[in-house]
Student: 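Before anything else, here's the structure in question.
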Amino acid sequence: MSSYNEEDAFEAAARPHSAAEPARGLSLSQRAMGHARPTAQMDYLEGLNTAQRAAVEALDGPVLMLAGAGTGKTKALTCRIAHLLNTGRARPHEILAVTFTNKAAREMKTRVAGLMGETIEGMPWLGTFHSVCVKQLRRHAELVGLKSNFTILDSDDVIRLLKQVISAANIDEKRWPARQLAGIIDAWKNRAWTPAKVPSGEQAAFNGHALDLYKAYQARLKTLNACDFGDLLLHMVTIFQAHPDLLADYQRRFRFLLVDEYQDTNVAQYMWLRLLASGHKNICCVGDDDQSIYGWRGAEVGNILRFEKDFPGAKVVRLEQNYRSTPHILAAASAVIEGNSGRLGKTLWTATPDGEKVRLIGHWDGEEEARWIGEEIEAMQSGTRGMTPFGLDSMAILVRASHQMRAFEDRFLTIGLPYRVIGGPRFYERLEIRDAMGYFRVVMSPEDDLAFERIVNTPKRGVGGKAMQDIQHMARSNGVALKEGARLAVEGGVLKGKAKGSIAQLLADLDRWSGLAGEAGIGPVELAEQILDESGYTTMWLNDKTPEAPGRLENLKELVKALEQFENLGGFLEHVALIMDNESEEAGEKVTLMTLHGAKGLEFPAVFLPGWEEGLFPSQRSMDESGQKGLEEERRLAYVGITRAEEVCTISFAGNRRVYGQWQSQLPSRFIDELPEDHVDVLTPPGLYGGGYGAAAPQTSSSFESRVAKADVYESPGWKRLQERSQQAARARAKTTPSQARDMVIDMKAVSSFGIGDRVFHQKFGYGEVMEVEGDKLLIEFDRAGPKKLVAKFVVDAASAGDVPF
DNA sequence: CGTGGTACAGTTTTT
DNA sequence: CTGTACCACG
């Protein structure tokens, strides 16, 4: 594959250095330790298990640390850094350690500092891939045609820029949305494809214009002195490839490399790492192929699977002792992940006692699932169910897609259960924050056209499309930035009336603020407040009567407060460009609601995993788009979900779910089949009807309609017949296994004795008439609810339902 | 220039 | 069913 066509060059660069095959592991590090005798400072080694210790002490040469979920990889990683420092093998600035998130970087810094006892000089090269690359790129920006003060665009800026590029190329933006192009370009950059390297087979997108648009976009970025996230890595790879001398410098500088979450690296990151490691090969990659869940964002599981080939003679250490979950939970997770092929393979084990089995329960529909989980959380909180009580903070609900959260939020609001949603819209992506940042950006860099465009008419200044066009024209024909173009337009009399006056005012304000920013006397907080007030931006929200306005003002206050920790606005802007995470950890006992992706790396005593249904989880879209690979990634997601649980893991599914307003009946997820029956308790009452913890009927009494339905259907002969039959089925089996529970549903679905024109009854939709029969699916025209497509098992014959009057 | 209407799409999101 | 994005109108 051409994505790796740089390897040869890489190997060539590596060869001169790779001669000595260093004695790896204990012997060498002990020799080194002979200098600095093991002291009290090396206590940390005592707290490690055998595998962790091996990973920590194998300092030289390539090491792959395969760290299963909950096996203490951060501990091993931080001890390794401490050990490098303690043994005198490296000084802090000689270690390059990269993570994906700021959170992970922060944690590592704190823990290393903790291990080293006293405060050591900071580790300047411990950070995220992106922050480390920014640092490098600022030094060598001129090598890719940028100035060292380049701005980093976020995805919103990128979209707006691409819209301009697309319309400039006379391409219909309707048919070819900028969003999609952004995705294509990002994917290319993730594969380390500069425009010159995009393979011809990949260029079909956008009517064959994608590559031209990519080129035009890169050109625009250069004129704007800007780059996007993908560029940060791609530019560094380009620079290192074109300047071997510079690369050699960095290879000498960074004597040891450490990489966290290696399974999530994309091709560009991989190449950047290989280039830097090619000299000494002192690279330690930590990861878990079973937890690779970011393939759709360009991550290549192949990177970790290929490690031993990439780095011949690599030492592979498996961390398999799990310190997080009970044996039942581990067994369930292991059995599910077993279904994947091409794994490196690990066997997790634990010394903790058995505990609860993984619990499985089916429900009638999504609302009932939410209702049951709400009640179960309350029950577990007060310590019924024969378990010790769980605090709300120790429980989490992990969903596949964020829209699933809605049912839970609705339910929790009505029963007054406190919850917190993790991973909503991010602080720095909020409209008001981006607007404020736009002002700061223009003040700090008057050539930032994207920021200027954003704020020029916010708040409304009477600058519309026409005025903007004039300004753009003026700027382009004079070869200056928009702000300067605006000035020329005002002075040259191009702008008239309202626009002229307000732009003149804005320009004067901007100049004044820029002047203030250069003065020593004024702090960033004061300056920011002045900008927001004098620009009229604060007033704009004060006058806004929509319900969001107060919250937005709150956010602005928070933004200003965040400035307190910075010396100047410039430093703040750099920080924000790379720190996009959600800081706000609201206090208070609350249940956590988040996506499976968001939960990676976290753990909770009790975890609920709802929505295990075909199409939802595994997601239909993943499977449609990526086939078997997609399915395997979904399975890894299931593995991640289960392994978040420490003590109790509860999986559930619903037979019906509203999808885009349409009711759809669901099949239980195939992953449920893969759960090992010996480690699972099926809570689902036989037949699934009504669901609930042994309850036959739903307890909802929220509406008259549902009460009617309940009174009606649950007393009906048809219902009783179904109950009876499923109870027989249950009696026939000693106990229900997960796959039996699933089969039971499927079996029942297959029983469809209805024909066109039959009158039927559904517990939710009431009476209706069968219009079409398609296997076990019926198209029913309900008297009150309109047409619905349902699986036959969810309706009963109208006559039998009608036998019981209410 | 601002608003209301309609049309359309609609996973996961570390930086 | 919902949210948003764009277009036509006032």
Side-chain angles (χ1 to χ4, degrees), chain A residues 98-107 127-134 152-155 158-159 163 173-174 177-180 182-183 186 189-190 227-233 260-261 263-266 268-269 291-299 398-407 422-426 428-429 431 457 459-468 497-499 502 575-582 594-602 611 615-626 630 633-634 636-638 640-641 657-664 786:
Chain A
V98 282
T99 64
F100 277 86
T101 66
N102 291 298
K103 197 175 155 203
R106 233 178 294 132
E107 186 184 352
T128 62
F129 276 98
H130 295 270
S131 67
V132 167
C133 281
V134 171
I152 302 161
L153 305 187
D154 62 28
S155 48
V158 169
I159 301 286
K163 274 185 183 158
E173 226 252 279
K174 295 279 141 43
R179 221 157 244 305
Q180 200 183 323
D186 189 53
K189 287 183 176 177
N190 285 339
C227 65
D228 60 26
F229 280 124
D231 281 335
L232 296 176
L233 273 134
D260 192 19
E261 305 280 17
Q263 78 282 352
D264 288 337
T265 50
N266 60 35
Q269 287 156 344
Q291 292 187 68
S292 164
I293 55 173
Y294 283 103
W296 50 275
R297 257 185 121 280
L398 311 181
V399 295
R400 172 68 244 270
S402 45
H403 62 74
Q404 290 173 260
M405 293 182 190
R406 196 198 191 106
I422 308 269
R426 282 179 283 201
Y428 289 111
E429 279 171 11
L431 177 86
N457 198 34
K460 303 280 183 280
R461 292 194 176 87
V463 183
K466 177 69 172 64
M468 205 51 218
K498 206 177 164 193
S502 55
H575 169 81
V576 167
L578 294 168
I579 310 268
M580 303 289 287
D581 59 357
N582 262 347
M594 68 199 305
T595 63
L596 287 163
H597 283 92
K600 197 174 84 164
L602 304 178
L616 184 57
F617 187 43
S619 137
Q620 193 56 51
R621 197 148 156 185
S622 283
M623 297 189 296
D624 289 348
E625 279 171 14
S626 317
E633 184 154 309
E634 296 287 308
R636 291 193 289 266
L637 214 37
V640 168
R657 203 173 280 280
R658 197 162 30 190
V659 185
Y660 302 141
Q662 284 286 77
W663 279 95
Q664 274 189 349

Student: How close do A:Gly611 and A:Leu616 get, heavy atom to heavy atom, and via which atoms?
Tutor: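 Scanning both residues, the minimum pair turns out to be O-CD2, 3.6 Å.
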
Student: Starting at CG of A:Leu398 and ending at P of B:dT12, how long is that distance when rounded to a whole Å?
Tutor: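 Distance check: A:Leu398 CG to B:dT12 P gives 15 Å.
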
Student: For A:Val463 and for A:Arg297, find the nucleotide of DNA chain B with the closest heavy atom, then tell me which residue's nucleotide is more 5'.
Tutor: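 Closer to the 5' end of DNA chain B: A:Val463.
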
Student: Tell me: CH2 of A:Trp296 to P of B:dT13, nearest whole Å?
Tutor: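 So the CH2-P distance, A:Trp296 to B:dT13, works out to 6 Å.
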
Student: Quick one: which of B:dT15, B:dG2, B:dT12 gets closest to the side chain of A:Thr128?
Tutor: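 Among B:dT15, B:dG2, B:dT12, the one nearest the side chain of A:Thr128 is B:dT15.
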
Student: For the side chain of A:Thr595, counting heavy atoms from C-beta on, which of B:dT14, B:dT12, B:dT15 is nearest?
Tutor: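 For A:Thr595, the side-chain atoms sit closest to B:dT12.
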
Student: Check ring pair (Phe, Tyr, Trp, His ring centres under 6.0 Å) between A:Phe100 and all other residues, then give those that pass, not counting sequence neighbours.
Tutor: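 In terms of ring pair (Phe, Tyr, Trp, His ring centres under 6.0 Å), with neighbours along the sequence ignored, A:Phe100 is linked to A:Phe129.
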
Student: Starting from C1' on B:dG10, measure out to CD on A:Gln180 and report it in whole angstrom.
Tutor: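 Rounded to the whole Å, the gap is 15 Å.
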
Student: Within this structure, what is the CD-to-C1' distance between A:Glu625 and B:dT12, rounded to whole angstrom?
Tutor: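 Those two atoms, CD and C1', are 11 Å apart.
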
Student: Could you state the NE2-C1' distance from A:His597 to B:dT14, rounded to the nearest angstrom?
Tutor: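 Distance, rounded to whole Å: 11 Å.
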
Student: Is A:Glu634 touching bases, backbone alone, or none of the nucleic acid, heavy atoms closer than 4.0 Å?
Tutor: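 Base contact.
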
Student: Could you tell me which residues satisfy side chain to side chain contact (heavy atoms under 4.5 Å, CB included) with A:Leu431, sequence neighbours excluded, listed by chain and number?
Tutor: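 In terms of side chain to side chain contact (heavy atoms under 4.5 Å, CB included), with neighbours along the sequence ignored, A:Leu431 is linked to A:Asp435, A:Arg454, A:Trp541, A:Arg552.
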
Student: Nearest-Å distance, NZ (A:Lys460) to C1' (B:dG2)?
Tutor: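 Nearest whole value for this atom pair: 8 Å.
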
Student: Both A:Arg461 and A:Met405 contact DNA chain B. Taking the nearest nucleotide for each, which residue is further toward the 5' end?
Tutor: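 Looking at the nearest nucleotide for each, A:Arg461 comes out on the 5' side.
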
Student: According to a strict under-4.0 Å criterion, is A:Ser619 in side-chain N/O contact with OP1 or OP2 of B:dT12?
Tutor: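 No.
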
Student: Rounded to whole Å, please give me the gap between NE2 in A:His575 and P in B:dT15.
Tutor: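 Computing the A:His575:NE2 to B:dT15:P distance gives 11 Å.
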
Student: Tell me whether the side-chain N/O atoms of A:Lys163 come closer than 4.0 Å to OP1 or OP2 in C:dC6.
Tutor: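 Indeed, a polar side-chain atom of A:Lys163 lies that close.
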
Student: Please enumerate all protein N or O atoms sitting under 3.5 Å from an N or O of nucleotides 1-4 of chain C, with distances to 0.1 Å.
Tutor:
none

Student: Can you name the side chain to side chain donor-acceptor pair (under 3.5 Å) partners of A:Gln269, sequence neighbours left out?
Tutor: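 Side chain to side chain donor-acceptor pair (under 3.5 Å) check on A:Gln269 returns nothing, list empty.
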
Student: What is the distance from atom CD of A:Glu625 to atom CD of A:Gln620, rounded to the nearest 0.5 Å?
Tutor: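 With rounding to 0.5 Å, CD (A:Glu625) is 10.5 Å from CD (A:Gln620).
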
Student: Looking only at atom P, what distance separates C:dA5 and B:dT12, rounded to whole Å?
Tutor: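 These two P atoms come out 15 Å apart once rounded.
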
Student: Identify which one of A:Thr128, A:Leu233, A:Val98 satisfies the side chain to side chain contact (heavy atoms under 4.5 Å, CB included) criterion when paired with A:Cys133.
Tutor: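 The single option meeting the side chain to side chain contact (heavy atoms under 4.5 Å, CB included) with A:Cys133 is A:Leu233.
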
Student: Please determine, for the side chain of A:Tyr294, which listed nucleotide (B:dT14, B:dG10, B:dT15) has the closest atom?
Tutor: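 When the side chain of A:Tyr294 is considered, B:dT14 is the closest of B:dT14, B:dG10, B:dT15.
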
Student: Taking the side chain of A:Asn457 as its heavy atoms from C-beta onward, which of B:dT14, B:dG2, B:dG10 lies nearest to it?
Tutor: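 So the nucleotide nearest the side chain must be B:dG2.
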
Student: List in chain and number order the residues that pass side chain to side chain contact (heavy atoms under 4.5 Å, CB included) with A:Asp186, two or more places apart in sequence or in another chain; answer none if no residue qualifies.
Tutor: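 If we apply the side chain to side chain contact (heavy atoms under 4.5 Å, CB included) test to A:Asp186, skipping adjacent residues, the hits are A:Asn190.
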
Student: Strictly below 4.0 Å: does A:Asn102 bring a side-chain N or O up to OP1 or OP2 of B:dT14?
Tutor: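 Negative; the distance criterion is not met.
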
Student: Have a look at A:Gly230 and say if it touches a base, only the backbone sugar-phosphate, or nothing, with a 4.0 Å heavy-atom cut-off.
Tutor: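 The answer is nothing, as A:Gly230 stays clear of every strand by at least 4.0 Å.
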
Student: Specify the separation, in whole Å, of atom CG of A:Asp154 and atom P of B:dT15.
Tutor: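 Going from CG in A:Asp154 over to P in B:dT15 covers 13 Å.
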
Student: Which part of the nucleic acid, if any, lies within reach of A:Ser155 when heavy atoms closer than 4.0 Å are counted: base, sugar-phosphate only, or nothing?
Tutor: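 Nothing, no nucleic acid heavy atom in range.
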
Student: Out of B:dG10, B:dT15, B:dT14, which nucleotide sits closest to the side chain of A:Phe229?
Tutor: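 The closest nucleotide is B:dT15.
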
Student: Could you work out, with salt bridge (charged side-chain N to carboxylate O under 4.0 Å, His left out) as the rule, every residue matching A:Arg179, not counting sequence neighbours?
Tutor: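 Checked A:Arg179 against salt bridge (charged side-chain N to carboxylate O under 4.0 Å, His left out); zero matches.
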
